[in-house]
Amino acid sequence: PKKTIPSLKGGFKEKIAIIGAGPAGLSCAYFLALTGYKPTIFEKNAEPGGMLRYGIPSYKLEKDLLAAEIDVLRQLGVEIRCGVEVGKDVTIEDLREQGYKGFYAAIGCQRGRKPGISGENAEGAYTAVDFLRKAGGSESFPLEGDVVVVGGGDTGNDCVGTCIRHGCRSMIQLEMMPCPPTERAENNPWPQWPKVLKTDYGQQEAIAVFGSDPRIYQTTVKEFYKDEAGQVCGALIAKLESKVVDEATGRRAMVPTGEEFAIECDLVLIAAGFTGCQPYVAEAFGVDLTKRGTVADTKYATNVPHVFTC
């Protein structure tokens, strides 16, 4: 369909720098442009889009559609400078000297969380975000071995689908929670969110290619094995069960049963969430961080004057 370019409201001369061309940075630029500003986005990668481009597989989000949306920003007067890494190629002081008055730190949560176990830094053991960025940015990414995906969420599902498309030999996906029922339980009526078994596209494709659902429920990885060359070659898997861990509140958690088993693998993808932004970028701004490693703010304002985040 024909692109629609919104009309602008007035104009302002103040220069605003947005650090990061991911979803937050692009959204900020869009609304600033509608207001009448002409912000500049500084992006370290070769192309704008952030996780939209480098994290979400193309078969879920077509990159030509993303490019068309970004082109609308450019037509609104937004300048996007790619290949510029704030904190390394340019400092905040440099930008202030260039006349920038306001800054928006859209630096995201780009570090994948690791489980903190033996062997997690072996060759062939990736966080999901690193793997998806590498696979998505390559014209060809041959993958012929046995794969283990740790994590049953959306990112883990993207890893399953991507590995199958790149030709993996087998697929196992570890899910720490119990297998949900196929139908709603009596204590889960509409309009509550249905707590039922969901077989997403990654699992559906694994069933079509390998003949079975790749998920092993109530399991987690305890240790990764590596060979003499430092390459991951297997994993020790622990079985889990739900137990009350706080008698006062009745809070339950998944805890090891003591039963374990080993599996062989050539590639491990850890889809266990994200831990925050790259520290050197936050240091370049001088902003405080939360315990999770994200930029701390009070009503979008950081501890540094004229530096904002969300």
Side-chain angles (χ1 to χ4, degrees), residues 1 3-5 16-33 39-90 104-113 126-143 149 151 153-166 200-202 205 269-278 280-282 293-295 309-310:
K3 287 183 289 188
T4 300
I5 309 299
I16 299 176
I18 299 171
I19 316 305
L26 295 174
S27 297
C28 178
Y30 174 78
F31 287 106
L32 283 173
T40 302
I41 303 177
F42 295 89
E43 168 57 44
K44 67 177 181 179
N45 291 309
E47 297 288 342
M51 293 297 287
L52 297 174
R53 180 177 297 277
Y54 296 103
I56 300 176
S58 295
Y59 51 84
K60 287 184 69 176
L61 175 62
E62 296 181 10
K63 299 307 181 271
D64 56 350
L65 176 62
L66 174 62
E69 291 292 322
I70 293 173
D71 188 54
V72 169
L73 294 180
R74 291 192 171 101
Q75 294 185 49
L76 286 171
V78 176
E79 181 182 359
I80 304 176
R81 299 183 187 177
C82 292
V84 180
E85 194 163 5
V86 174
K88 291 186 176 180
D89 301 321
V90 65
Y104 181 72
I107 52 182
C109 290
Q110 299 185 17
R111 293 188 298 158
R113 179 182 290 114
Y126 296 88
T127 62
V129 64
D130 289 340
F131 167 75
L132 291 172
R133 185 183 294 117
K134 187 174 182 179
S138 305
E139 289 292 332
S140 176
F141 191 83
L143 200 165
V149 174
D154 288 339
T155 306
N157 181 60
D158 288 343
C159 289
V160 172
T162 299
C163 288
I164 290 174
R165 281 167 167 76
H166 283 283
D200 215 325
Y201 77 92
E205 293 174 2
L269 305 177
I270 306 168
F274 308 90
T275 60
C277 65
Q278 297 292 353
Y280 70 87
V281 185
T294 57
V295 178
T309 192
C310 72

Thr275: which residues meet the side chain to side chain contact (heavy atoms under 4.5 Å, CB included) condition with it, sequence neighbours left out?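 Thr275: side chain to side chain contact (heavy atoms under 4.5 Å, CB included) contacts with Arg111, Arg113.
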Restricting to side chain to side chain contact (heavy atoms under 4.5 Å, CB included), what partner residues turn up for Asp158, sequence neighbours left out? Pro57, Lys60, Leu132, Tyr201
Going by atom type alone, with no hydrogens or angles, which donor-acceptor pairs under 3.5 Å involve a side-chain atom of residues 16-32 and a protein atom two or more places apart or on another chain?
unit_1: Ser27; atom_1: OG; unit_2: Pro23; atom_2: O; d: 2.8

Assess the residue pair Phe131 and Val149 against the criterion (side-chain contact (heavy atoms from CB on, under 4.5 Å)); give the C-alpha distance rounded to whole Å, side-chain angles, the decisive distance to 0.1 Å, and a yes or no. CA-CA 11 Å; Phe131 167 75; Val149 174; over 6 Å; no
Sequence neighbours excluded, the answer for salt bridge (charged side-chain N to carboxylate O under 4.0 Å, His left out) partners of Asp200 is Lys198
Residues two or more places apart in sequence or in another chain: which of them pass side-chain hydrogen bond (donor to acceptor under 3.5 Å, both in side chains) with Thr162? Tyr59
Assess the residue pair Thr40 and Arg81 against the criterion (side-chain contact (heavy atoms from CB on, under 4.5 Å)); give the C-alpha distance rounded to whole Å, side-chain angles, the decisive distance to 0.1 Å, and a yes or no. CA-CA 7 Å; Thr40 302; Arg81 299 183 187 177; 3.8 Å; yes
Rounded distance (nearest 0.5 Å) linking atom CD of Glu79 with atom CD1 of Ile41: 10.0 Å
Enter the distance from His166:NE2 to Ile164:CD1 here, rounded to the nearest 0.5 Å. 11.5 Å
Sequence neighbours excluded, which residues qualify as ring pair (Phe, Tyr, Trp, His ring centres under 6.0 Å) partners of Tyr104? none
Taking the side chain as every heavy atom from C-beta outward, state whether Phe42 and Asp89 have any atom pair closer than 4.5 Å.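 Counting from C-beta outward, Phe42 and Asp89 never come under 4.5 Å.
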Pairs flagged by side chain to side chain donor-acceptor pair (under 3.5 Å) wherever residues 45-56 is involved - sequence neighbours left out: Glu43-Asn45
Can you name the closest pair of heavy atoms from Ile107 and Ala282 and give their distance? CD1-N, 4.4 Å
Tell me which pairs pass salt bridge (charged side-chain N to carboxylate O under 4.0 Å, His left out) where either residue lies in [range], with sequence neighbours left out.
range: residues 128-137; value: Asp130-Arg133
range: residues 64-75; value: Lys3-Asp71
range: residues 17-30; value: none

Tell me whether Thr309 contacts the main-chain N or O of Ala105 through its side chain, where contact means a donor paired with an acceptor under 3.5 Å.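 Yes; judged by distance alone, with no hydrogens or angles, the pair exists.
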Kindly determine whether Leu52 and Leu61 satisfy side-chain contact (heavy atoms from CB on, under 4.5 Å), including the steps that lead there. CA-CA 8 Å; Leu52 297 174; Leu61 175 62; 3.9 Å; yes
